[in-house]
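Data block below; observations after.
All ligand and atom numbering here is 1-based and tracks the order in the structure.
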Amino acid sequence: MPSYRAPVEDFTFVFEDFLKVYDNKDLPGFDMLDPETVDAVLTGAGKVAEEVWAPANLPGDAEGCVLENGVVRTPSVYKDAYKAWAEGGWSSVGADPQWGGMGMPGIISSAVTEIGVSSNHALSMYFGLTGAAYSAIAGIAPQEMKEMYVPKMVSGEWCGTMNLTEPHCGTDLKLMRTKAEPQDDGTYRLTGTKIFISGGDHDLADNIIHMVIAKVPGEDGKLANDLSTVNFFLVPKFLVNPDGSLGERNGVSVGSIEKKMGIKGSATCVLNFENAVAWKLGGEPKVKKDADGKERKSSSAGMAGMFQMMNMARVGVGMQGMALASVAYQNAVEYTKERIQGRSLTGKKFPDQAADPIIVHPDVRRMLMTCKSFVEAGRAFTMYLNMEFAKARAGREDAKGDLGMLLTPVLKAYFTDMGFECTNMAMQCFGGHGFVHDNGMEQFVRDSRILPIYEGANGVQALDLVGRKLLGDGGKAYNDYVDLIESFLAENKDDAGVAIMAPALQRGLDDLKTATQWLFDNLAQNPENAGGVSASYLRIFGVVTLGFMWAGMAKSAQEALDSGDGRQSDDFYKAKLVCARFWAEQMMPETASHLMKMQGGAEVMMELTADQF
Ligand SMILES: Cc1cc2nc3c(=O)[nH]c(=O)nc-3n(C[C@H](O)[C@H](O)[C@H](O)COP(=O)(O)OP(=O)(O)OC[C@H]3O[C@@H](n4cnc5c(N)ncnc54)[C@H](O)[C@@H]3O)c2cc1C
């Protein structure tokens with residue numbers, strides 16, 4: 001059975017050496033952070049993850065979820081594990097204290113989330129979606145609704161879901177058919193079918209609060225063919241009485257649950273809404289006039305709340321890629337130190353054994369290094385972005401404006417592609433023993449395969465990067481980002497740590513600039529170029545971004561080694577420098593090949609007729 005150890009030392013390095021979190025007391029919630037408190041949170045969550053959640057992962061996968069008499073039963077090992085996390089307060093680390101949370105900044109709650117996902121991805125889904133749902137309610141619902149729902153969701157007594165997808169409507173939400181009809185009392189009645197709803201029903205919580213998007217019919221009773229009448233609704237499984245107790249069952253039922261490749265302990269449900277009582281969140285869309293005088297409806301507060309929930313979820317899903325790569329890597333390291341096969345190419349390393357452990361082989365190390373250097377830079381980037389979100393919220397002068405928005409699709413898509421690649425490599429380290437169920441490695445691969453699909457498939461994330469995030473503001477956020485990296489390289493041109501990465505990072509950045517210019521030069525003449533090259537463009541962005549992280553971390557590691565003041569061992573810091581070199585030598589060159597692919601454009605992809613495939 002696989003095991004898990006919370007990477008507390010690495011979090012500590014990121015917080016203290018790299019991001020200097022404790023020098024930022026002015027940021028919201030950062031005043032409550034000190035090394036002892038943060039250690040206590042990470043080791044506390046880590047203990048439940050290591051001792052309760054990780055042991056429930058393999059049995060949860062084997063047992064899966066079942067639908068019995070209209071009710072979903074989760075794996076039997078989940079009940080106590082769910083309780084242990086909720087009662088320990090690990091699901092509410094980042095929630096506002098007025099709702100019963102600890103009120104810690106996102107940088108800490110993200111670390112706890114990573115620990116949860118690594119130890120048990122499927123189980124963590126119930127908390128992840130609940131967090132997204134209660135954040136939306138706390139953000140945009142009227143006060144009495146916040147008071148009615150949020151504290152019970154923060155405590156884990158109730159759960160939440162996110163309902164977008166319908167049978168005929170996945171990526172293209174305009175096709176949605178679920179309708180919400182207004183009632184005289186201000187509520188709505190919601191009718192339609194949503195599919196693939198994670199945690200749509202289960203036996204872990206007393207009530208489930210569904211956050212649903214649906215269309216309000218026009219005066220002719222018809223649904224518009226666009227997003228103009230789409231709104232965001234709250235639909236509880238059980239209606240809630242004014243005193244907070246549970247009332248009658250609402251018109252929501254489970255049609256079926258999916259039999260699927262991975263995350264088998266996470267119930268993926270078809271939900272049928274039949275005249276379900278629903279409350280609309282947020283106000284009406286404002287009507288604005290374009291420069292050409294055309295009227296255009298802006299998003300309502302409800303839709304803005306939904307987009308906020310989706311953005312949070314995208315960052316969360318990206319992080320899941322890194323978290324699964326992390327646990328798969330940990331297990332691969334243990335195995336490759338024990339499994340003996342063949343001899344080192346430079347002569348026997350363990351002459352008293354029949355063979356050397358497979359960690360002596362360069363190809364095995366290539367796989368381990370890919371995982372290690374992705375996971376550690378990925379963790380650093382997640383925390384870096386969290387700091388940027390906090391700076392932006394605080395309106396601090398050094399906040400990098402739209403960096404978070406620009407990089408959200410990169411985080412979602414690059415991290416989940418790499419998450420799958422790394423779980424695969426970690427499984428490969430086990431040879432045939434990785435392919436069998438009981439070692440748990442094939443489960444990590446299966447579980448990670450959903451990540452590039454849900455929360456907006458990765459192809460669509462790449463289009464979002466090119467279409468909205470790059471071109472949407474005429475390249476402003478992108479230019480700011482390039483300036484940021486170039487300024488960092490210029491300011492640190494004599495730094496011994498940064499020097500490890502600097503030439504490769506500069507080459508990668510030059511490739512990114514050439515790629516961006518290519519997009520500006522080639523999209524107008526053939527719009528299909530955007531779709532044909534965006535995946536490569538996003539990959540270049542991802543590789544450069546983690547190269548930037550490695551340059552920063554190499555600087556911090558070198559400083560700690562030079563000063564001797566760091567909290568970690570010299571070996572720990574030296575390993576950081578080696579990983580930076582690995583990223584420079586083995587990963588950065590990817591930018592050149594992806595640039596070449598982009599320069600071919602989309603033409604060859606569009607050449608065949610559909611019948612020729
Ligand atoms: C296990 C699981 C859990 C899920 N949980 C939830 C949940 O909790 N709530 C929820 O609402 N949904 C959920 N989903 C749904 C998920 O978000 C969708 O599956 C996903 O958004 C893709 O939609 P689709 O499956 O209909 O694929 P399609 O939209 O049919 O897309 C198929 C392929 O075509 C590509 N494609 C589609 N349109 C374009 C385009 N315009 N340009 C380029 N490429 C395109 C896509 O990238 C994709 O590769 C879940 C799905 C699964 C499998």
**Asked** Looking at atom 13 (C) of ligand 1, is any protein heavy atom nearer than 4.0 Å to it?
**Response** yes
**Asked** Which protein non-hydrogen atom lies closest to atom 37 (C) of ligand 1, naming both residue and atom, and how far is it?
**Response** Thr171 OG1, 3.6 Å
**Request:** Take Met319 and Ser110 through the test side-chain contact (heavy atoms from CB on, under 4.5 Å) and record every step on the way to the result.
**Result:** CA-CA 9 Å; Met319 214 173 75; Ser110 286; 4.1 Å; yes
**Request:** For Ile453, counting its heavy atoms only, list the atoms of ligand 1 lying under 4.0 Å from any of them.
**Result:** 20 (C)
**Request:** Give the intermediate values and the outcome of side-chain contact (heavy atoms from CB on, under 4.5 Å) for residues Met427 and Phe444.
**Result:** CA-CA 8 Å; Met427 186 185 104; Phe444 295 134; over 6 Å; no
**Asked** Have Ser326 and Tyr4 got a donor and an acceptor in their side chains that come within less than 3.5 Å?
**Response** no
**Request:** Give the atoms of ligand 1, by number and element, whose distance to some non-hydrogen atom of Glu455 is under 4.0 Å.
**Result:** 17 (O)
**Message:** Side chain or backbone, does Tyr454 bring an N or O within less than 3.5 Å of an N or O on ligand 1?
**Reply:** no
**Fill in**
When distances are taken from atom 25 (O) of ligand 1, the protein heavy atom at minimum range is Phe196 CE1, 4.1 Å
**Fill in**
Correct closest heavy-atom pair for Met418 and Met587 would be CE-CE, 3.7 Å
**Request:** Begin from the C-alpha positions of Tyr188 and Phe233 and carry the test ring-ring contact (aromatic ring centres under 6.0 Å, His included) through to its verdict.
**Result:** CA-CA 9 Å; Tyr188 286 73; Phe233 296 89; 5.2 Å; yes
**Message:** Taking salt bridge (Lys or Arg N to Asp or Glu O under 4.0 Å) as the criterion, tell me which of Lys264, Arg446, Lys260 meets it with Asp61.
**Reply:** Arg446
**Request:** List the steps and the verdict of side-chain contact (heavy atoms from CB on, under 4.5 Å) for Lys79 and Thr74.
**Result:** CA-CA 8 Å; Lys79 314 280 178 308; Thr74 56; 3.3 Å; yes
**Request:** May I ask you to check whether Thr229 and Asn231 show a side-chain donor-acceptor distance below 3.5 Å?
**Result:** no
**Message:** Using a 4.0 Å cut-off to any heavy atom of Ile450, which atoms of ligand 1 qualify?
**Reply:** 1 (C), 2 (C), 52 (C), 53 (C)
**Request:** Quick one: closest heavy-atom pair of Leu281 and Ala141, and the distance?
**Result:** CD2-CB, 3.8 Å
**Item:** Numbered atoms and elements of ligand 1 in range of Met162, under 4.0 angstrom, heavy atoms
**Value:** 7 (C), 8 (O), 9 (N), 10 (C), 11 (O)
**Message:** Return the closest protein heavy atom for atom 23 (O) of ligand 1 as residue, atom name and distance.
**Reply:** Gly170 CA, 3.5 Å
**Request:** Considering the heavy atoms of Leu164, write down every atom of ligand 1 situated less than 4.0 Å from one of them.
**Result:** 10 (C), 11 (O)
**Asked** atom 18 (C) of ligand 1: which protein heavy atom is closest, and how many Å away?
**Response** Thr165 OG1, 4.2 Å
**Message:** The test is side-chain contact (heavy atoms from CB on, under 4.5 Å); show your working for Ile208 and His210 and say whether it passes.
**Reply:** CA-CA 6 Å; Ile208 301 176; His210 303 292; 3.5 Å; yes
**Request:** Evaluate the 4.0 Å heavy atom contact test for atom 35 (C) of ligand 1: does a protein atom fall under the cut-off?
**Result:** no
**Item:** Taking atom 3 (C) of ligand 1 as the reference point, the nearest protein heavy atom with its distance
**Value:** Ser198 OG, 3.4 Å
**Residue Ala457 vicinity, atoms of ligand 1 by number, heavy atom under 4.0 Å** = 46 (C), 47 (O), 48 (C)
**Ring geometry between Trp90 and Trp85 (parallel below 30°, tilted from 30 to 60°, perpendicular above 60°)** = tilted
**Proximal atoms of ligand 1 relative to Leu463 (non-hydrogen, under 4.0 Å)** = 42 (N), 43 (C)
**Asked** Is atom 30 (O) of ligand 1 close to the protein, meaning a heavy atom under 4.0 Å from it?
**Response** no
**Asked** Are Gln443 and His437 linked by a side-chain donor-acceptor pair shorter than 3.5 Å?
**Response** no
**Prompt:** How close does the nearest protein non-hydrogen atom get to atom 21 (O) of ligand 1, and which residue and atom is it?
**Reply:** Gly456 N, 4.0 Å
**Request:** Output yes when a protein non-hydrogen atom is found under 4.0 Å of atom 41 (N) of ligand 1, and no otherwise.
**Result:** no
**Asked** Can you list the ligand 1 atoms lying under 4.0 Å from a non-hydrogen atom of Val460?
**Response** 47 (O)
